K.L.:
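Structure below; questions to follow.
Below, read A as the first sequence line, B as the second, and so on, with proteins coming before strands; counting in each chain starts at 1. Small disclaimer: the values here were computed from a predicted structure and weren't measured.
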Amino acid sequence: MEDLAVRLSDVHAAYEGEEQATLRGVNLEIPPGEQWAVTGPNGAGKTTLLEVINGLLPVVSGNVQVLGRPVSSSNHSIRSEISYVPQNLFFPPETPFLVQDVVLAARFGRIPFGRLPGRRDREQSKDALRSVGMAWAERRPVGRLSGGQQRKVLLARSLAQEATVLLLDEPTANLDPEAKKDLAELVCTVRDNLNATALIVSHESGPLLAASDRSIVMESGVITSIDAANVSVAGVG
Amino acid sequence: MFGLPWHILLPTLLGTLLVGALCSSMGIFVVRMNLSSLGFAMSHAAFAGAAFGLMLSRFDPLWTAMAFALLVAGTLGPLTDAARLRTDTIIGATFPFTMALGLIFIHKAPSSGVGNGALTLLWGSVLGVTMSQVALLSCTALLVVIVLRLFGKDVFAVLLDRKLATATGVNARRTFYVILFLVAIVVAVSLRVTGGLLIYALMILPASAAFQWAYDLKKILLLAPALGIGSAFLGFLLSLWADLPIGASIALACAIVFFASILFSPKRRRIIAV
């Protein structure tokens, strides 16, 4: 039985056409239920780290496991356990989707092939929207919401998905200070509600970093430091 | 055209309405995924296939047209993924290639008049629709319904955002390929009725018009085929009334519906509360 939520062993990853690997020999072990922050300058490999854990970017070498199961671009079932909120994902005003459907769609990876969403899926989505204070927007077009409201809807997706692992890429970027604070508190609430393991990329210090159990610093595709001595980081430096 | 007997008018009407529904339904995917040239590429692939069938003169051009359209559909997805280019770029590269193939096949065809058969696929022959073609179109409509029932939630997630769909465990690549195949099948079976040029109008305009009226994809999924059927019927009546070529009348009706939708779209209204 795997006692780790996320395990990366000597992972090298690169985007196509890149001469240099974006991740170089990364080792990481995150126990379940912990919240870790990832910081570092632009191009350090923070987003790549999340995409590798989610299987969106195949590794060149090394192993990635989530909840003891191997992650790869063809292993779709493990992704239904992982909620990934990409950086700067904003829906343009003409997006033809209602908020309730955007949240409901987060559960589709869990629904078996050929089946349609059922009553439980819809209730779960409604509850998720209520939890992030967006129940009022249920039947609103998602593209008509503000940036901060759209971020809340994406967090509601994580709740609706009942994810075990949360990967959030700069969840408070491009928001005004009040919305940043509001959203940071909400991220912590969502994580607590799900009792999930969270890996949060953040450029700036603030409540998200403060609430994290550990903080990873990345630079040039490697983990340069972790703020706790008892965590295995074989590939540091 | 009022003087035409019912055994010609009825299959024409039914075929036109079915093609209107099918093409505009596929148009939702094409418009939402910014693949507006897909219908064009598929129709030219089908044209090349039909020319190939006529050149060999042993196969029904419909089946070779469908084989070529499916071949292109089967190639487009993996090619886009492998080349890491926009699908529209790959489609743009496919289009002249299949067009050139079609012209070469016509050139190599054994008899001089054979090119006209293939060219019918570019211009269409709405009045030449038979009841067996209506049956084939009905079967295609049934197939579309079954496939969308099976892949419905995956298609829905991919239309929202392909990356987000993949991230939540939906097999977005497979879903994208399924969409390409559905478009290919619909284009190939509709081509003889509408022609490659009209199919573009029926695929893009009613779906684009539907996007002007609603923010809810579920409504658009109903509205687009309704507008497709409406445009086809309007074109059919216009052709009967003014004695115009039916294909051109349908394209004209599609354009009218599209521009009227832009003009009266509630999305463009500014509501100012005082």
K.L.:
Under a 4.5 Å heavy-atom cut-off, does chain B meet the side chain of A:V102, its backbone, both or neither?
P.N.:
both
K.L.:
Between B:T168 and A:A105, which heavy-atom pair has the shortest distance, and what is it?
P.N.:
OG1-O, 4.4 Å
K.L.:
A:L154 versus chain B, heavy atoms under 4.5 Å apart: side chain, backbone, both or neither?
P.N.:
side chain
K.L.:
Among A:E94, A:R144, A:R115, A:R110, single out the residue with the greatest number of heavy-atom pairs under 4.5 Å to chain B.
P.N.:
A:R144
K.L.:
Taking side chain as everything from C-beta outward and backbone as N, CA, C, O, which of these in B:R173 sits under 4.5 Å from a heavy atom of chain A? Side chain, backbone, both or neither.
P.N.:
neither
K.L.:
Locate the shortest heavy-atom distance separating B:R32 from A:T95; write the atom from each residue and the value.
P.N.:
NH2-CG2, 3.9 Å
K.L.:
Could you please spell out the steps behind the side chain to side chain contact (heavy atoms under 4.5 Å, CB included) verdict for B:N171 and A:F113?
P.N.:
CA-CA 10 Å; B:N171 190 339; A:F113 176 71; over 6 Å; no
K.L.:
Which value, rounded to the nearest 0.5 Å, describes the distance between A:D101 atom CG and B:L217 atom CG?
P.N.:
8.0 Å
K.L.:
Please look at A:S83 and chain B and tell me whether the side chain, the backbone, both or neither of the residue comes under 4.5 angstrom of a heavy atom of that chain.
P.N.:
neither
K.L.:
Is A:E51 close to chain B through its backbone or its side chain, or both, or neither, when contacts mean heavy atoms under 4.5 Å?
P.N.:
side chain
K.L.:
Against chain B, label A:L56 side chain, backbone, both or neither, depending on which of its atoms sit under 4.5 Å from a heavy atom there.
P.N.:
side chain
K.L.:
Contact part of A:L167 toward chain B, heavy-atom cut-off under 4.5 Å: side chain, backbone, both or neither?
P.N.:
neither
K.L.:
Identify the two heavy atoms, one from A:F91 and one from B:L160, that lie closest to each other, and give their separation to 0.1 Å.
P.N.:
CE2-CD1, 3.7 Å
K.L.:
Check each atom of A:N54 against the heavy atoms of chain B and say whether the ones under 4.5 Å are side chain, backbone, both or neither.
P.N.:
side chain
